[in-house]
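Presented below is the structure to which this report refers.
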There are 2 protein chains.
Amino acid sequence: MNRENCYTEMQAKIFKALGHSSRLKIVESLFAGERCVCELQAIVGSDMSTVSKHLNILKEAGVLQDERRGTNIYYSLRMKCVAKFLNCVEEFVGQTMEEQIRIYSRSKVSS
Amino acid sequence: MNRENCYTEMQAKIFKALGHSSRLKIVESLFAGERCVCELQAIVGSDMSTVSKHLNILKEAGVLQDERRGTNIYYSLRMKCVAKFLNCVEEFVGQTMEEQIRIYSRSKVSS
DNA sequence: CTCAAGTTTGGTTTTTTGGCCAAAAAGGAA
DNA sequence: TTCCTTTTTGGCCAAAAAACCAAACTTGAG
């Protein structure tokens with residue numbers, strides 16, 4: 001694989017890591033600061049092992065970093081610019097959702 | 001599904017759409033302007049039907065839009081802020097790649 | 001040392017995704 | 001209409017991802 005392709009692969013890996021609702025929830029909850037795995041498990045609501053694997057995917061992509069303190073392992077945001085992009089995505093989704101609702105209610109009226 | 005979850009799902013859908021190297025290539029090539037499917041097929045290098053499916057995923061997520069003119073269908077970027085985030089991701093990947101290379105060459109020396 | 005708490009790893013099953021092929025649409029031109 | 005070009009759809013198969021459970025690992029406390 002050449003350097004160009006490798007670049008694209010690594011970028012795709014970041015998007016792939018963010019492309020799952022549980023992982024997105026994890027990342028969003030980390031905007032406020034670091035959390036241990038058990039806290040994140042409570043937020044996501046899946047099995048601990050599942051959450052652990054999600055965290056590893058995010059860490060492998062470079063989005064998160066972890067630090068052990070005692071028996072706990074704390075995860076935090078490493079790739080800061082995710083926050084900015086998520087703002088844009090949220091705004092975009094908000095608009096799209098409104099459009100969807102408009103389209104939906106229009107088709108409901110006309111049918 | 002409640003509104004909150006729906007929001008997260010839609011956001012994840014956007015990231016998922018961008019989380020594939022072929023689709024990322026498509027999006028990047030559209031920064032310069034619209035392209036028809038056959039042009040995009042040449043860029044990606046997969047079967048036309050495969051490219052078409054990738055395009056649909058990006059369109060469904062709201063990242064792209066399409067417009068038919070004659071027998072051609074032109075795709076273009078709808079979600080403009082992707083460009084900004086990709087800059088950040090590229091920068092980030094660049095740094096990470098340098099780190100990886102550093103780590104790799106160090107381990108090569110020490111072994 | 002043993003024990004308990006927190007976390008990860010391995011194995012298995014189920015679900016989703018990607019890629020290719022052939023067939024079907026959708027337009028434009030003759 | 002028929003033919004040709006461009007694009008999408010459906011079917012199938014292989015590969016990847018996700019979820020769950022049980023077992024293992026790591027560290028601090030007693």
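Not measured: the values here are computed from a predicted model. Numbers restart at 1 for each chain; the letters A, B, ... are given by sequence-line order, proteins then strands.
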Steps toward side-chain contact (heavy atoms from CB on, under 4.5 Å) verdict (A:Val27, B:Phe15)
CA-CA 13 Å; A:Val27 170; B:Phe15 285 109; over 6 Å; no
From CD of A:Glu60 across to P of C:dT8 the rounded distance in Å is 12 Å
Can you tell me the distance, in whole Å, between the CG atom of B:Leu58 and the P atom of D:dT7?
16 Å
With side chains defined as the heavy atoms from C-beta onward, is the minimum distance between A:Leu30 and A:Leu64 less than 4.5 Å?
yes
Under the side-chain contact (heavy atoms from CB on, under 4.5 Å) rule, what do B:Leu18 and B:Leu58 come out as? Steps first, then yes or no, please.
CA-CA 7 Å; B:Leu18 294 166; B:Leu58 286 163; 4.2 Å; yes
Pick the nucleotide of DNA chain C nearest each of A:Lys53 and A:Ile73; which residue has the one closer to the 5' end?
A:Ile73
Can a side chain N or O of A:Asn72 be found less than 4.0 Å away from OP1 or OP2 on C:dT7?
yes
Whole-Å distance between C:dG10 C1' and A:Met48 CE?
17 Å
Between A:Phe92 and A:Phe85, does a ring pair (Phe, Tyr, Trp, His ring centres under 6.0 Å) hold up when you go through it step by step?
CA-CA 10 Å; A:Phe92 187 82; A:Phe85 184 53; 9.6 Å; no
Treat primed atoms plus P, OP1 and OP2 as sugar-phosphate and everything else as base, then score nucleotides 22-28 of chain C 5' to 3': B for base contact with protein heavy atoms under 4.0 Å, S for sugar-phosphate contact only, - for none.
B---SBS
Does B:His54 place a side-chain N or O at less than 4.0 Å from the phosphate oxygens OP1/OP2 of C:dT17?
no
Quickly work out the B:Lys59 NZ to D:dT7 C1' distance and round it to whole Å.
11 Å
For A:Ser29 and A:Ile26, work out which heavy atoms get closest and say how close.
OG-O, 2.8 Å
What integer distance in Å separates A:Ile57:CD1 from D:dA17:P?
8 Å
Test log, rule side-chain contact (heavy atoms from CB on, under 4.5 Å), inputs A:Gln65 and A:Met79
CA-CA 9 Å; A:Gln65 57 195 170; A:Met79 189 176 177; over 6 Å; no
Figure out the CG/C1' separation between B:Asp66 and D:dT7, and round it to whole Å.
11 Å
OP1 or OP2 of D:dT6 versus the side-chain N and O atoms of B:Tyr75: is any pair under 4.0 Å?
no
Pick base, sugar-phosphate or nothing for A:Leu55, based on heavy-atom distances below 4.0 Å to the nucleic acid.
nothing
Which residues, if any, of residues 12-44 of chain B bring a heavy atom under 4.0 Å of DNA chain D?
B:Cys36, B:Val37, B:Cys38
Name all pairs fulfilling the salt bridge (charged side-chain N to carboxylate O under 4.0 Å, His left out) condition that reach into residues 61-77 of chain B, sequence neighbours left out, sorted by first residue then second.
B:Glu34-B:Arg69, B:Lys59-B:Asp66, B:Glu67-B:Arg69
Check whether more than 12 heavy atoms from other residues, nucleotides or ligands sit under 6.0 Å from atom CD of A:Glu91, and answer yes or no.
no
Testing the basics here: between B:Leu24 and A:Ala12, what is the closest heavy-atom pair and its distance to 0.1 Å?
CD2-N, 3.4 Å
